[in-house]
2 protein chains.
Amino acid sequence: MSRTTIADVAREAGVTKATVSHALSGNRPTSEETRAKVLAAAEKLNWVPSQSARALATSRANTVAVVLARDPAVIANDSFFPAFIAGVESVLAETETGLLLQVVTDRAAEERAYRTLSHGRADGALLLDLRTDDWRVPFLDELGLPTVLVGAYDQPTDFSCVRTDDAAPVRELIAHLRAAGHQRIAHISGPLAYVHSRARADAYLAEVGTDELLREGDFTAASGRDLTEALLALPDRPTAILYSNDTMAIAGLSFARSQGLAIPRDLAISGFDDDHLSAHLSPALTSVSSDPAARGRAAARILRDVILGAQPRTEVVDSNVVHFRESTA
Amino acid sequence: MSRTTIADVAREAGVTKATVSHALSGNRPTSEETRAKVLAAAEKLNWVPSQSARALATSRANTVAVVLARDPAVIANDSFFPAFIAGVESVLAETETGLLLQVVTDRAAEERAYRTLSHGRADGALLLDLRTDDWRVPFLDELGLPTVLVGAYDQPTDFSCVRTDDAAPVRELIAHLRAAGHQRIAHISGPLAYVHSRARADAYLAEVGTDELLREGDFTAASGRDLTEALLALPDRPTAILYSNDTMAIAGLSFARSQGLAIPRDLAISGFDDDHLSAHLSPALTSVSSDPAARGRAAARILRDVILGAQPRTEVVDSNVVHFRESTA
DNA sequence: TTGAAAGCGCTAACAC
DNA sequence: GTGTTAGCGCTTTCAA
């Protein structure tokens, strides 16, 4: 830890701390001359203002947080998250705002984490993995921590949202499969407690009219495999399966092949989220790319504005694009 | 932001701020009775100590940082990073330490980021993607910021390291391929400026004895494809290719197939890093899993200890395991 | 246009 | 075992 403080810079420049502070922030008019002196002194001493001191004085941490209530192991297999974070960072970098990542494993820890955040550790938060009737939304509302919800939320809320239309690509996929002659189309969803899983499953149900071929997975390869096995064992088995992510789709595809089915001739398969490897598989996997980076950028921009005092707002990032590839050809 | 401060708690409990502070930290003996009063008051008021005030007073931020000097887009396609972060978090969570993620795009920003970190924003840093003769190592040394290098470093250093043996799996792969009769084994590396790419390429060279079939890629699918194309166009083309990551391997595999080659009959292929989808491809991709989460845990533990005053130390996480799958069968 | 001084909320000597 | 009192390094009134 370097010991250089604003006082050293002030001394070096022959002014007071206040002048240094203002010269750098531009918060009050400063003569060009002293400004130059201050900059030179700061440069010479390699001074960088202490974030903690600044945070205490301004009650702004220059940090936003993402709290993940997932098992750390699950994060590792998720193609959405890293791209999303990359998008967030690209906006935060503009203002030297840090991104605090906190992984919690139980509700008590999560509540405490949010409380700590709102007490000077962060200026705002991004909420992912929204669940139906999510307790975190009213909780954060009470804490008064600026927040942006990423993904649709099923209750009325005053918070900002970054939403996408998950129903449209599902409809598009089903229409495509029907045009190709498929009658029995199944869906393996993610956990239906998640709003986005629910939205996809609902779109499927609205289109297909029955939950006979709907199965609830948990986004893991294991569940993709097992549920595919169950569906294929049905007397009147589906000829196409829509999965709610690529991991489950690949696992399902592998299993189907191991049973001697040809893809897509005997079974058409589609994923969701468009993992970066999916286009390179053989057969290439049909999937829905959702441009997580764009959603990250939008969320970060909204949060930045809200922290600065703007009104909450909702943006629809309509970046969902169905990539039709060999697995449904 | 709630306005409750330690003073409110002290008043509520009928003691002074110091007592509250000590009762909670246990930094000095406190009678069971006052301790209970303090806890009750804190609980009642939902008080959480302000991180920024605490950070300023103790010059400890309770935060460690990872600075990524990569293009945000590259982060999105990396299977190592999220798993590594998950491992780091699992250790940090034990002590309510935050993880600050900072993505920078040029050297000036990176220097400034590290300077800011060492001035109260973080207590330590994790260094990834080490390059040959990396300028960051002496720089951080000068800043005096506790640091753990993740991956081998080619210069002598006083910093802690978490290393793995990347050479062994390369040797193992080559031995396996030779036993299967392969004579012309190629290697498509990552950028050789990275120490880990270099280590893999060196192991390859030591084993094969010539760089005739060594090509330097950049870990992207595009480079995997292009370099594979170039290798296959050779008069005496390789019959096996070792790639330095799975993304390049999959892209190469797809390209080879599109040229009518059967995998592994006409061309054996191996990746590196074992992406979670690789086992599910068809043919399943031979790869080297390196247990990034274990490396993250080790790095976080060492960093925590060093911050607390322990001597720097180096740990070898020998988690590299070659998974022989169909693509080299 | 600049200086002086108060204070952000906490911790840590130092007294008692 | 507990209270008193300085700061930590910055920002920001308030004067000059």
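Values reported hereafter were calculated over all heavy atoms of this structure, with side chains retained and with hydrogens, waters and symmetry mates removed. Because the structure is predicted, anything quoted here is derived from the model rather than measured. Convention: sequence-line order gives letters A, B, ...; per-chain numbering from 1.
Below 30°, between 30° and 60°, or above 60°: for A/Trp135 and A/Tyr114 the angle between ring planes is above 60°, a perpendicular geometry. Taking the six-membered ring where the residue is Trp, B/Phe84 and B/Phe80 present parallel rings, their angle staying beneath 30° rather than reaching 60°.
Within residues 7-26 of chain B, the residues having any heavy atom closer than 4.0 Å to DNA chain C are, in order of number, B/Lys17, B/Ala18, B/Ser21, B/His22. Across residues 32-41 of chain B, not one residue has a non-hydrogen atom less than 4.0 Å from an atom of DNA chain C.
Between A/Arg297 and A/Ser90 the shortest heavy-atom distance is CG-OG, 3.5 Å. Across A/Val306 and A/Pro312, no two heavy atoms sit closer than the pair CG2-CA, 4.0 Å.
The salt bridge (charged side-chain N to carboxylate O under 4.0 Å, His left out) pairs that include a residue from residues 43-56 of chain A are A/Glu12-A/Lys44, where partners are two or more places apart or lie in different chains. Screening residues 32-41 of chain A for side-chain hydrogen bond (donor to acceptor under 3.5 Å, both in side chains) gives A/Ser31-A/Thr34 as the qualifying pairs, with residues at least two apart or on separate chains.
One finds no salt bridge joining A/Arg136 and A/Glu111 here, because no Lys/Arg side-chain nitrogen approaches an Asp/Glu carboxylate oxygen to under 4.0 Å. A salt bridge is defined here as a Lys NZ or Arg NE, NH1 or NH2 lying under 4.0 Å from an Asp or Glu carboxylate O, and A/Glu315 with A/Arg301 fails to meet this definition.
Bounding nucleotides for the chain A contact on DNA chain D, 5' to 3', at a heavy-atom distance below 4.0 Å, are D/dG9 to D/dC14. Contacts between chain B and DNA chain C, taken as any atom within less than 4.0 angstrom of a protein heavy atom, begin and end at C/dG9 to C/dC14.
For CD of B/Gln155, the number of neighbouring non-hydrogen atoms (other residues, nucleotides, ligands) closer than 6.0 Å is greater than 12. Applying the 6.0 Å contact sphere to CG of B/Asp106 captures more than 12 heavy atoms from other residues, nucleotides or ligands.
When the nearest nucleotides of DNA chain C are assigned to B/Arg28 and B/Ser52 by heavy-atom distance, the more 5′-ward of the two goes with B/Ser52.
Under the 4.5 Å side-chain criterion, counting only non-hydrogen atoms from C-beta, B/Leu303 is in contact with B/Pro146.
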Item to check | Step-by-step salt bridge (charged side-chain N to carboxylate O under 4.0 Å, His left out) determination, A/Asp305 to A/Arg313 | outcome: CA-CA 10 Å; A/Asp305 294 348; A/Arg313 67 175 190 268; 3.1 Å; yes
